[in-house]
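Below you'll find the structure, written out as C-alpha cells, and then a few comments.
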Amino acid sequence: MKRAIALIDANNFYATCERVFDPALWNRPVVVLSNNDGCVVARSAEARKLGIRMAEPYFKVKDLIETHKVAVRSSNYELYGDMSSRIMDVLEEFSPELEVYSIDEAFITIDADDRSNLTEFGKTVRDTVKRHTGITVSVGIAETKTLAKVANHLAKKSEKARFVLDLTESPHQEIALERTPVGEVWGIGRQHAAMLKSYGVNTALDLRNCDDQWIRRKMHITGLRTVHELRGIQCVELGASPNPKRSVIVSRSFGEPVSTLDELRAAISYYITRAGEKLRKRRLVAAALTVFAKTSRFNVDDHDRYSGIATESLVMATDSTLELMQSAQRILPGLYRPGYRYKSAGVILTGLSSMTGTSLRLWDSDKYERERLLMSAIDGLNARHGQDTVRCGLHDNEGKWASRLGLRSPRYTTKWDEIMRVR
DNA sequence: TCTGGGGTCCTAGGACCC
DNA sequence: TCTGGGGTCCTAGGACCC
C-alpha cells in the first residue's frame with residue numbers, strides 16, 4: 001500500500017480563535033500578542049496586509065494598529081490549547097497515525113493508492129474541522145513531511161484551491177519547489193538560508209539538486225536529511241503520539257527589570273511552581289534542574305549585559321515542588337551578580353522519566369511520600385479554586401517581575417466564571 | 001520607556017576511564 | 001624532553017522549529 005503524509009495547519013490560529021468567540025472581530029483586522037504583551041505572534045489576513053510582521057515588537061506597530069483600528073488581544077493559551085485539542089480530536093478520526101506537531105498543526109498518514117482522491121480527501125478534512133470548531137485549516141499532501149510542509153505553505157496562499165494542495169505528482173512538485181524560496185523550507189533557518197544564497201542556492205529546487213557531500217559538510221546530518229526529504233525519501237519519521245518530552249521549561253521576561261536577589265528568588269519560586277505542576281500533570285520526575293537569569297539581549301553596552309546559568313543534579317529524581325524549590329534557591333545565589341538589571345529568568349527541568357512510584361527511593365521515602373500527598377492535595381485545590389489558591393514557598397507572588405497581560409480575552413471554554421453569556 | 005516562550009537535535013570539547 | 005589510543009558521558013552552545 002502506498003502512503004502519503006498530510007500536514008494540517010490552522011490559518012492564523014490564535015487570531016481565528018479570538019474571532020470564533022467574538023464575532024465582531026470578523027469585520028476588523030486582529031493581532032494577538034505574546035506574553036508580557038511584547039511581540040505580535042498572530043495576525044489575521046487583514047492585519048498581515050497592513051504590513052504587520054510576525055514577531056514584531058508591539059511598541060513598533062502601535063501607531064499603525066491605532067490608525068487602522070486593529071483589535072489587539074493578549075495571548076490566551078488556555079483558550080487556544082482547548083481549541084487545539086478539539087481540532088486534534090477531529091483529525092484523529094481521519095487517520096490512526098496522528099502526530100500533533102504544535103498547537104496548531106498535525107501530520108497524519110493517509111492511504112495514497114488512489115491518488116486522484118487525495119485532494120478530495122483534503123477538502124473533506126478541512127470542511128469537517130471547520131464545521132466542528134469554526135477554524136479554517138490548510139492541508140498539504142506529499143510523500144514526506146518536508147514536502148508536505150512545502151505543499152501546506154503554498155496551499156495557505158491559495159484560497160481558490162480552498163487551502164488544499166496535493167504534491168504527490170511530480171510535475172506539480174517541481175513547480176512548487178521552484179516557487180519556494182530556500183529560506184522557507186522546513187529546517188532551513190536564517191543562517192543556512194544566507195549561506196546557501198551566497199552559493200547561488202535560491203530555491204527549494206536548487207537545494208534538492210545539491211551535492212550530498214557538500215550539504216553534509218556545510219549543514220551536517222540534519223541538513224542532509226532535509227535535502228533527502230525534498231527528494232521524496234522519508235528521513236523524518238512520524239513521531240509516536242504523544243512523544244515523550246525531554247525537558248520542561250518555564251521562563252518569562254519581567255514586566256519591569258529587577259536587580260535584587262530577593263526579587264529573583266520570588267520570580268524563580270513562581271516558575272518552579274509552574275514547572276512542578278507541569279511535571280505532575282505529565283506524570284514525570286526530573287533528575288536535574290537548571291536556573292538562569294539574564295539582562296535584556298537588547299542592551300547595547302557589554303557592561304550592561306549578563307547571563308547567569310547554573311545546573312544541579314538531584315540526588316533522587318523528583319516531582320515535588322518543595323524539593324525543586326529548595327534546589328533552585330540553593331543554586332540561585334551562585335549565578336546572581338549584583339549591579340545588573342535582569343529582564344528575564346527561568347527554570348529548566350531535564351533528565352525526565354516517568355513516575356513509577358516511590359519504592360526506589362533509598363532514603364527520605366517517608367518524607368517524599370508525604371510531600372506527594374501534599375502536592376496532589378494542592379493541585380486538587382488549585383484546579384477547583386484557581387491557580388495559586390494554595391502555594392508553596394515564602395515569596396510574594398507579585399512584583400515588578402510579573403508579566404503584563406492587560407488585553408487577554410476571557411477563557412471561554414475552561415473557566416466557569418468566564419464562560420460566554422448569551423443575552 | 002517598550003523587544004515572547006517552549007521545545008528539539010546536533011556538535012564540540014572536557015573529564016574521566018582503561 | 002619525550003608524551004597512545006580508544007571509548008563514554010556530560011555540558012554548553014548553536015541552529016532550528018512554531
Side-chain angles (χ1 to χ4, degrees), chain A residues 7 9-14 31-42 53-63 65 74-77 80-81 84 99-107 145-146 149 152-153 156 182-196 216-226 235-237 239 242-257 271 274-275 278 282 287-290 292 294-300 307-313 335 341 343-352 400 403-406:
Chain A
L7 171 63
D9 186 321
N11 298 357
N12 318 317
F13 182 54
Y14 297 169
V31 299
V32 178
L33 304 180
S34 66
N35 225 301
N36 223 16
D37 294 344
C39 294
V40 173
V41 289
R53 283 170 307 173
M54 187 63 176
E56 186 134 53
Y58 178 41
F59 74 90
K60 285 192 181 169
V61 285
K62 218 166 182 171
D63 287 348
I65 281 173
S74 301
S75 296
N76 187 345
Y77 290 107
Y80 312 147
S84 173
E99 179 191 350
V100 177
Y101 180 68
S102 76
I103 193 163
D104 73 337
E105 60 188 302
F107 293 99
K145 283 179 160 183
T146 307
K149 276 275 188 182
N152 190 284
H153 221 85
K156 270 208 167 20
V182 74
E184 278 177 24
V185 174
W186 192 41
I188 306 298
R190 275 226 301 280
Q191 315 286 324
H192 285 156
M195 185 277 294
L196 288 166
R216 172 76 235 235
R217 210 166 51 242
K218 289 286 187 186
M219 305 196 318
H220 310 287
I221 191 75
T222 29
L224 191 56
R225 279 208 274 266
T226 297
C235 303
V236 189
E237 299 288 318
N243 34 9
K245 289 264 188 284
R246 306 181 63 89
S247 63
V248 165
I249 303 179
V250 177
S251 91
R252 303 272 189 282
S253 48
F254 300 149
E256 286 174 55
Y271 304 149
R274 301 284 86 81
K278 279 194 195 181
R282 297 174 190 173
L289 172 149
T290 298
F292 63 88
K294 327 177 189 191
T295 57
S296 168
R297 63 196 162 101
F298 298 99
N299 286 353
V300 188
S307 166
I309 184 161
T311 300
E312 184 173 87
S313 296
L335 65 93
R341 301 175 77 235
K343 192 61 174 88
S344 72
V347 300
I348 307 171
L349 305 178
T350 48
L352 304 185
K400 290 191 288 185
S403 296
R404 295 179 297 250
L405 264 182

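Treat the numbers as computed from the prediction; the structure is a model and nothing was measured. Because only heavy atoms are used, hydrogens play no part in the values below, and waters and symmetry mates are left out as well, while side chains stay in. Below, chain A is the first sequence line, B the second, and so on; all start at residue 1.
- Taking 4.0 angstrom as the limit, A/R246 places a side-chain polar atom (N or O) nearer than this to OP1 or OP2 of B/dC9.
- Nearest to the side-chain atoms of A/S253 among the listed nucleotides B/dC10, B/dG5, C/dT11 stands B/dG5.
- A/I221 comes within 4.0 angstrom of the backbone, heavy atoms only, and of no base.
- Side-chain proximity of A/H220 to B/dT11, B/dG6, C/dA12: nearest is B/dT11.
- Here the side chains of A/L196 and A/I188 are in contact, with some heavy-atom distance below 4.5 Å.
- In the set C/dC18, B/dC2, B/dG4, the nucleotide with an atom closest to the side chain of A/F298 is B/dG4.
- When Watson-Crick and G-U wobble pairs are counted only if both distances are under 3.5 Å, B/dC17 pairs with C/dG6.
- At whole-Å resolution of the value, CE in A/M195 and P in C/dC16 are 9 Å apart.
- Residue contacts for A/E105: at a heavy-atom cut-off of 4.0 Å it reaches the sugar-phosphate backbone alone, with no base atom in range.
- Distance from the side chain of A/W186 is smallest for C/dC18 among the nucleotides B/dG7, C/dC18, B/dG4.
- Nucleic acid contact class of A/I188 (heavy atoms, under 4.0 Å, all strands): sugar-phosphate only.
- Across all strands shown, A/V185 has heavy atoms under 4.0 Å from sugar-phosphate atoms exclusively, and none from any base.
- Distance check on atom C1': C/dG4 versus B/dC16 gives 16 Å, rounded to whole Å.
- Side-chain nitrogen and oxygen atoms of A/H192 include at least one within less than 4.0 Å of the OP1 or OP2 phosphate oxygen of C/dC16.
- When distances are taken from the side chain of A/I249 to each of B/dG7, C/dT11, B/dT3, the shortest belongs to B/dG7.
- At a threshold of 4.0 angstrom between heavy atoms, the contacts of A/K245 are confined to the sugar-phosphate backbone, with no base atom among them.
- Counting any heavy atom pair closer than 4.0 Å across all strands shown, A/R216 reaches sugar-phosphate atoms only and no base atom.
- Not one N or O on the side chain of A/T226 forms a donor-acceptor pair closer than 3.5 Å with the backbone of A/G187.
- Ring-plane geometry between A/Y101 and A/F107 is classed as perpendicular, the angle between the planes exceeding 60 degrees on a 0 to 90 degree scale with a lower cut at 30.
- With B/dC10, B/dG5, B/dG7 as the choices, the nucleotide that has an atom nearest any side-chain atom of A/R252 turns out to be B/dG5.
- Candidate nucleotides B/dG6, C/dA12, B/dC9 were compared by shortest atom distance to the side chain of A/K278, and B/dG6 ranks first.
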Residue pair A/E99, A/K145: steps toward the salt bridge (charged side-chain N to carboxylate O under 4.0 Å, His left out) verdict: CA-CA 11 Å; A/E99 179 191 350; A/K145 283 179 160 183; 2.7 Å; yes

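- The interatomic distance linking A/I103 (CD1) with B/dG6 (C1') rounds to 11 Å, in whole Å.
- Both A/S247 and A/V41 sit near DNA chain B, but only A/V41 has its closest nucleotide nearer the 5' end.
- One atom, OH of A/Y14, and another, P of B/dG4, lie 15 Å apart when rounded to the nearest Å.
- Summarising the geometry, the separation between NZ on A/K294 and C1' on B/dG5 is reported as 11 Å, rounded to the nearest angstrom.
- By the 30° and 60° cut-offs, the orientation of the rings of A/Y271 relative to A/F254 is parallel.
- Side-chain contact check for A/I348 versus A/L289: every heavy-atom pair is 4.5 Å or farther apart.
- With hydrogens and angles ignored, the 3.5 Å screen pairs a side-chain donor or acceptor of A/S296 with a backbone N or O of A/F298.
- Distance CG (A/D37) to C1' (B/dT3): 12 Å, rounded to an integer number of Å.
- Per the geometry, OH belonging to A/Y77 stands 8 Å off P belonging to B/dG5, to the nearest Å.
- Distance from the side chain of A/S251 is smallest for B/dG6 among the nucleotides B/dG4, B/dG6, B/dC10.
- Closest to the side chain of A/D104, out of C/dC18, B/dG4, B/dC9, is C/dC18.
- Note: CZ (A/F107) to C1' (C/dC17) measures 11 Å, nearest angstrom.
- Which of B/dG7, B/dG4, B/dC9 sits closest to the side chain of A/R225 comes down to B/dC9.
- Across all strands shown, A/R217 has no heavy atoms under 4.0 Å from either base or sugar-phosphate atoms.
- Atom OH of A/Y101 is separated from atom C1' of B/dG7 by 9 Å (rounded to the nearest Å).
- At B/dT3, one or more side-chain N or O atoms of A/K343 fall inside 4.0 Å of OP1 or OP2 (strictly under the cut-off).
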